[in-house]
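Scroll down for the structure; my scribbles are underneath it.
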Amino acid sequence: MPEVLQRYEAEIWQAIGETFAMVGMSILAAVIVGLPVGTLLFLCRKENLLESRAVFSILNLLVNTIRSFPFLLLVVFLIPFTRFIIGTAIGTAAATVPLSIIAIAHYSRLVEQSLLDVPRGVIEAAKAMGASVVEVVFKFLFVEARSGLVLGLTTSIISFISYSTIMGVVGGGGIGDFAIRYGYQQFMTDLMIYMIIIMVILVQCIQFIGTTVARVIDKR
Amino acid sequence: MIQMHDISKRFADYEAIKAVDIEVNGGEIYGIIGASGAGKSTLLRLMNLLEVPDCGEVVVDGKNLMTMKPKQLREARKSMGMIFQHFNLVANLTIYDNVEVCLQLANYPKHQRRERVMECLRFVGLAHLEKQYPQSLSGGQKQRVAIARALANEPKVLLCDEPTSSLDPHTTAEILAVLEEINRTLGVTIVIVSHEMEVIQSICHRVSVMADGSVYKTIELEPKGIPDVDHTPEYFIEKLTGEVSGDA
Ligand SMILES: Nc1ncnc2c1ncn2[C@@H]1O[C@H](COP(=O)(O)OP(=O)(O)OP(=O)(O)O)[C@@H](O)[C@H]1O
Ligand SMILES: [Mg+2]
């Protein structure tokens, strides 16, 4: 192992751990909240199962607004909210708040788009068989859209990694922050390059896993 | 079995169905024929309230669907099968699972599901394909799976929207034979929407001719039986050239 990496091994592992914590929370938020929100966006559309102009417009506006913020501004803007939820606006835990919010907005849009790809006829058949809205969602929509949902999540996770790199501004740490503080600010260019390599490998792995899983579960 | 009384349906400012009265008797095969845009599909979809009429009433098996609560309506739909021109199978489920879904929705006793699914697949002659996915099946086979799925919960009524319109004449004949058998052996009332004369003539007992959102006339028919279509090379050559090709 190169000497710089040995010298900073503990810090590097810590940075990797912080990145995983931040991205992990973002994934949880995306799946637990973003998936239902995206499904609701889809269902509330015109001529859909839960057609509701009001709900659709509100969710749509919310998602668009969050996504149109430059992310750094969103982090700053959310500081009072973060402090309210976590008790502090500084640190890795605090960093997960803005990350989770952008994660929800990001993934819910991709969920909505995947569901739009499900042929209308399948939903028709489900309704004709007497399926309730919940049954249509779980037994038909999610089944038919599953590879799109996985690919969407893959794309999202890679974005979350990218977002997490700037969380140094609120003391969130992570690989990106480490690369800036040690590699850039202390002129250890080789260290910075190693960090970039770690990020590239991470993204490659995630994309590979996502693409493979999506392909295997796609029987269409 | 199905009574529709004074049914009208508008889409925005277009009157798709205009004050239609229709009565489908239990046990018959009822055809609905007419030009494209006449309102055939809309009328069929009104029978299980996939489309809600603006006025009038829909009574199926003695029960008024219009006054039902959503849950009751879903229950009512479970005893009405429906098949479509484009089959509408779930592509990510195996043939077996596609049929089983219908039983899950109907809360069919768990330990009897496998037997029932296989019974339905055997009925349409596809038991050996239970583990395949729809993508690997031909159009005719997909429609058979759709029929098995529609039959799984032992419906009293089977609604068919252009069930053979994306199939070739030979496969059409096969599907019609299955529908005819369902009607004859299981006593299921069948409504078939089609724009193809041969389909209606071969198996329907009565037919309503639609135009412009109205039923123009309802006619009693003597089903002619299903034509024997055998796609040998000789058949194509004869059709194309008008010559009966021998061994020459
Ligand atoms: N959801 C809808 N919204 C608006 N217009 C509709 C809708 N469904 C049907 N229509 C219109 O109602 C008319 C009747 O449609 P329908 O699908 O019932 O005709 P059809 O007789 O089944 O024709 P085809 O043979 O082409 O299937 C058409 O003019 C169609 O454009
Ligand atoms: Mg039609």
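Here is how names work: the chains are called A, B, and so on, in the same order as the sequence lines, proteins then strands, and each is numbered from 1. Quantities reported herein were computed from a predicted structural model and do not represent experimental measurements.
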Next on the checklist: Just so I understand: if I count every heavy-atom pair under 4.5 Å between each of B:L49, B:V90, B:N48, B:N153 and chain A, which residue has the most?
Outcome noted: B:V90
Next on the checklist: Between A:V143 and B:L93, is there a side-chain heavy-atom distance shorter than 4.5 Å?
Outcome noted: yes
Next on the checklist: Report, in residue-number order, which members of residues 95-128 of chain A are under 4.5 Å from chain B by heavy-atom distance.
Outcome noted: A:G121, A:V122, A:E124, A:A125, A:K127, A:A128
Next on the checklist: Is it the case that over 12 heavy atoms from other parts of the model lie below 6.0 angstrom from the CD atom of A:Q204?
Outcome noted: no
Checklist entry - Given side chains that start at C-beta, do those of B:Q104 and A:E135 come closer than 4.5 Å, heavy atoms only? => result no
Checklist entry - Would you find more than 12 non-hydrogen atoms of other residues, nucleotides or ligands less than 6.0 Å from B:H195 atom NE2? => result yes
Next on the checklist: Can you confirm whether A:K219 is buried at NZ, in the sense that more than 12 heavy atoms of other residues, nucleotides or ligands lie under 6.0 Å from that atom?
Outcome noted: yes
Checklist entry - Is it the case that more than 12 heavy atoms not belonging to A:F20 sit under 6.0 Å from its CZ atom? => result no
Checklist entry - Is chain A contacted by the side chain of B:L89, its backbone, both, or neither, given a heavy-atom distance below 4.5 Å? => result backbone
Checklist entry - Which residues in residues 56-88 of chain B have a heavy atom less than 4.5 Å from any heavy atom of chain A? => result B:R74, B:R77, B:K78, B:M80, B:M82, B:F84, B:N88
Checklist entry - Can you name the nearest heavy-atom pair linking B:N92 to A:R146, along with the distance? => result O-NH2, 3.3 Å
